[in-house]
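These notes concern the structure reproduced below.
Just so it is clear, the structure is predicted and the values come from calculations on it, not from any experiment. Order of appearance sets the numbers: ligands from 1, and atoms from 1 within every ligand.
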Amino acid sequence: MRTRTQIGIVGAGPAGLLLSHLLALRGIDSVLIETRSREYCEARQRAGVLEAGSVRLLREVGLAGRLDRQGIEHGGIYLQFAGERRHLDFRELTGRTVTVYAQTEVVKDLIARRIADAGEAAIQFSVTDTSVTRLETDTPVLRYTSEDGVQYEVSCDAIAGCDGFHGICRPAIPASELTVVERGYPYAWLGILADIPPSTDELIYAHHRRGFALHSLRGPTTSRLYLQVDPDEDIANWPDDRIWAELSERFALPGWDLKPGPVLDKNITPMRSFVSAPMRHGRLFLAGDAAHIVPPTGAKGLNLALADVAHLAPALDGLVRGQPDKADAYSATCLDRVWRSTHFSWWMTTMLHRTPGADDMEAQLQLAQLRYVTSSRAAATSLAENYTGLPLP
Ligand code: RFL
Ligand code: PHB
């Protein structure tokens with residue numbers, strides 16, 4: 001079946017979903033397709049921390065009803081190292097805060113809103129055979145097969161590749177047109193979701209000789225915790241008791257206990273830094289993880305995805321109305337923020353993780369840096385400014 005839309009969007013993660021909403025607010029039509037089912041997209045456990053600018057953006061576009069009721073505002077974090085837990089007060093240092101609200105909840109809110117505004121057909125879930133072609137022309141084409149087996153060919157004014165790191169859009173750009181800068185890390189995160197009230201009021205980032213650990217949360221009765229493990233570690237080697245024992249050791253502090261509880265979900269995530277540039281080829285625009293990946297230590301990936309589409313919506317609006325300047329500036333504008341976040345995420349990661357086989361120099365340099373960011377107001381302010389995020393357009 002041949003159809004037409006203004007913007008074809010590939011991928012219903014946070015980037016693609018928010019983009020379709022921002023375009024609709026501007027009166028621009030889009031077709032949004034997703035390979036996974038709605039249930040899968042709404043259950044996938046991922047990020048948890050929204051920057052101040054992301055919260056403000058979601059509020060401005062009418063998407064913060066539940067976020068304002070259920071999100072938990074955090075004025076700082078703890079950095080734990082050398083047997084001490086020190087607080088960094090973001091509110092006092094920068095006047096800004098972050099909000100703990102799970103990516104899954106952001107995704108649920110976005111899906112519900114698109115379907116309420118535009119009907120069930122607003123998002124085509126469970127599609128197959130996605131492809132994007134004719135990218136160098138003014139009428140790029142998006143092809144897919146719908147869940148009920150109909151083959152679609154959608155002629156578009158532009159296509160947004162919001163299909164994550166493993167999607168098809170970035171590989172549709174000739175490799176000779178892209179510069180890819182990439183670094184893998186010799187560790188991964190084992191993450192658990194646990195049915196137990198958090199043992200802390202704010203996130204704890206812990207440096208430990210056995211490796212990094214992070215205590216985060218999802219709500220008053222749900223905790224989210226992470227452990228540094230080897231990248232080739234098998235989750236089968238980590239029964240729940242072993243995970244809690246390891247977490248307790250890495251967070252140990254006299255007079256404080258980590259409360260264990262039933263594990264609802266567990267998985268292992270590899271860590272990498274990856275930037276592919278430019279973020280545009282002809283009439284294909286990449287946004288979010290499709291163009292860049294950061295290790296999760298700085299809590300930046302979701303926020304970068306939202307920031308990209310905050311720039312992309314006005315850029316595409318201009319393009320379809322014959323004013324291409326913002327579309328022409330899109331890639332360079334986004335890459336500034338992407339590289340700032342890439343640096344911050346790399347810096348937090350290397351300050352807090354233990355490289356397998358590392359000498360004492362690594363640990364001593366990390367401890368010196370941790371003492372510095374928790375004792376110098378200038379250094380603490382720099383961390384706080386990066387963590388709470390740069391302003392959005
Ligand atoms: P997503 O969320 O990967 O969505 C892409 C969507 O595209 C679909 N797709 C396709 N659809 C159609 N056709 C195709 N051919 C397709 N191929 C793929 C996929 O099914 C998917 O639904 O990318 P997006 O929208 O760019 O969003 C990026 C974020 O999801 C990601 O950056 C964050 O989750 C990263 N991240 C964190 N970010 C933060 O800002 N704060 C955090 O605290 C944080 N913690 C994390 C994280 C990521 C983690 N993992 C598991 C990678 C913690 C973890 C453990
Ligand atoms: C999370 O809550 O999932 C989370 C929080 C902070 C991070 C990464 C993940 O740096």
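Checked against a 6.0 Å centroid threshold, the rings of His87 and Tyr78 count as neighbours. Checked against a 6.0 Å centroid threshold, the rings of Trp189 and Phe212 count as neighbours.
A heavy-atom distance below 4.5 Å is not found between the side chains of Val127 and Glu34. Annotation: side chain of Phe81 is not in contact with side chain of His208 (no heavy-atom distance under 4.5 Å).
Atom numbering of ligand 1 starts at 1 in the shown order; those under 4.0 Å from a heavy atom of Ala15 are 25 (O), 26 (O). Close contacts of ligand 1 with Gly48, meaning ligand atoms under 4.0 Å from a residue heavy atom, involve 42 (C), 43 (O). Interface atoms of ligand 2 facing Leu203, defined by a heavy-atom separation under 4.0 Å, are 5 (C), 6 (C). Counting the atoms of ligand 1 from 1 in the order shown, those under 4.0 Å from a heavy atom of Ile168 are 15 (N). Remark: ligand 1 atoms within the under-4.0 Å shell around heavy atoms of Gly167 are 17 (N). Heavy-atom contacts of Val49 reach the following atoms of ligand 2: 5 (C), 6 (C) (cutoff under 4.0 Å). Remark: ligand 1 atoms within the under-4.0 Å shell around heavy atoms of Tyr226 are 53 (C), 55 (C). Interface of Tyr205 with ligand 2, defined as ligand atoms under 4.0 Å from a residue heavy atom, comprises 6 (C), 7 (C), 10 (O). For ligand 1, the atoms sitting less than 4.0 Å from at least one non-hydrogen atom of Val49 are 41 (N), 43 (O), numbered in the order shown with element in parentheses. Residue contact check: Ile33 has heavy atoms under 4.0 Å from atoms 11 (N), 12 (C) of ligand 1. Atoms of ligand 2 lying under 4.0 Å from any heavy atom of Pro296, numbered from 1 in the order shown and given with element: 7 (C), 8 (C), 10 (O). Of all the atoms in ligand 2, the ones that sit under 4.0 Å from a non-hydrogen atom of Trp189 are 8 (C).
Residue contacts with ligand 2 for Arg46 involve N, CA, C or O but no side-chain atom from C-beta outward (heavy atoms, distance under 4.0 Å). Contact annotation for Trp189 and ligand 1: no heavy atom of the residue comes within less than 4.0 Å of the ligand. For Val100, no heavy-atom contact with ligand 2 is shorter than 4.0 Å. Contacts with ligand 2 closer than 4.0 Å are made by side-chain heavy atoms of Ser216 only, the backbone lying farther away.
At a 4.0 Å cut-off, not a single heavy atom of Tyr40 sits close enough to ligand 1 to count as contact. For Arg44, the heavy-atom gap to ligand 1 drops under 4.0 angstrom. Ligand 2 has Arg218 within reach: a non-hydrogen atom of the residue lies less than 4.0 Å from it. Proximity of Gly191 to ligand 1 is not established, as no heavy-atom distance is less than 4.0 Å.
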Next on the checklist: Before you tell me yes or no, could you show the steps for Arg96 and Glu385 under side-chain contact (heavy atoms from CB on, under 4.5 Å), namely the whole-Å CA-CA distance, both residues' side-chain angles and the distance that decides it to 0.1 Å?
Outcome noted: CA-CA 8 Å; Arg96 296 206 296 265; Glu385 179 176 68; 3.8 Å; yes
Item to check | Candidate pair Glu42 and Arg38, rule salt bridge (charged side-chain N to carboxylate O under 4.0 Å, His left out), full reasoning | outcome: CA-CA 6 Å; Glu42 291 187 343; Arg38 177 174 180 179; 3.1 Å; yes
Item to check | Glu136 and Arg134: CA distance, side-chain angles, deciding distance, salt bridge (charged side-chain N to carboxylate O under 4.0 Å, His left out) verdict | outcome: CA-CA 6 Å; Glu136 288 100 353; Arg134 292 175 52 87; over 6 Å; no
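An N or O contact shorter than 3.5 Å links Glu34 to ligand 1 by distance. The shortest N or O to N or O distance between Ala299 and ligand 1 is under 3.5 Å. For ligand 2, none of its N or O atoms has an N or O atom of Tyr387 under 3.5 Å away. Polar contact check, Arg36 against ligand 1: no nitrogen or oxygen pair lies under 3.5 Å apart. No N or O atom of Ala290 sits closer than 3.5 Å to an N or O atom of ligand 1. The shortest N/O to N/O separation between Gly164 and ligand 1 does not fall below 3.5 Å. Any N or O atom pair closer than 3.5 Å counts here, and Thr269 shares no such pair with ligand 1.
Leu286 contributes atom CG, which lies 7.5 Å from atom OH of Tyr330 (distance to the nearest 0.5 angstrom). Taking CD1 of Ile72 as the reference point, atom CD of Glu202 lies at 11.0 Å (rounded to 0.5 Å).
Checking atom 21 (C) of ligand 1 against the protein gives a heavy-atom contact under 4.0 Å. Distance remark: protein heavy atom not present below 4.0 angstrom from atom 49 (C) of ligand 1.
Taking only non-hydrogen atoms, the option from Ala172, Ala305, Ala47 nearest to atom 47 (C) of ligand 1 is Ala47. Between the choices Ser216, Cys162, Gly288, the shortest heavy-atom distance to atom 5 (C) of ligand 1 belongs to Cys162. Of all the listed residues (Thr104, Thr130, Val309), Thr130 holds the heavy atom that lies closest to atom 13 (N) of ligand 1. Within the set Leu302, Ile268, Thr35, the minimum heavy-atom distance to atom 14 (C) of ligand 1 is found for Thr35. The nearest non-hydrogen atom to atom 34 (O) of ligand 1, considering only Arg272, Gln103, Lys300, His166, comes from Gln103. Distances from atom 31 (C) of ligand 1 to the heavy atoms of Val98, Val127, Asp289 show the closest one on Asp289.
Between Tyr185 and Tyr187, the ring planes are parallel. Angles under 30° get that label, and only those over 60° would be called perpendicular.
For the pair Arg272 and Phe274, the cation-pi test (distance below 6.0 Å, angle within 45°) is failed. The side-chain tip of Arg85 does not point at the ring of Tyr205 from less than 6.0 angstrom away and within 45° of straight on.
Contact check on Arg4 versus Asp29 returns no salt bridge, with no Lys/Arg side-chain nitrogen under 4.0 Å from an Asp/Glu carboxylate oxygen. Look at Arg143 and Asp129 and you find no salt bridge, because none of the NZ, NE, NH1 or NH2 atoms lies under 4.0 Å from a carboxylate O. Ion pairing between Arg321 and Asp157 fails under the 4.0 Å rule for side-chain N and carboxylate O.
The two atoms that bring Thr94 and Thr388 nearest to each other are OG1-OG1, 4.1 Å, heavy atoms only. Among all heavy-atom pairs drawn from Val309 and Pro314, the shortest one is O-CD, 4.5 Å. Summarising the geometry of Gly75 relative to Thr97, their closest heavy-atom pair is CA-CG2, 4.1 Å, with the distance given to 0.1 Å. When every heavy atom of Pro356 is checked against every heavy atom of Asp230, the shortest pair comes out as CG-OD1, 4.3 Å. Counting all heavy atoms, side chain and backbone alike, Asp289 lies closest to Arg170 at O-NH1, 4.2 Å. Considering every non-hydrogen atom in both Ala327 and Leu319, the closest pair reads CB-CD1, 4.0 Å.
What sits closest to atom 4 (C) of ligand 2 on the protein, heavy atoms only, is Tyr226 CE1, 3.9 Å. The shortest contact between atom 2 (O) of ligand 1 and any protein heavy atom is with Arg46 NH1, 2.9 Å.
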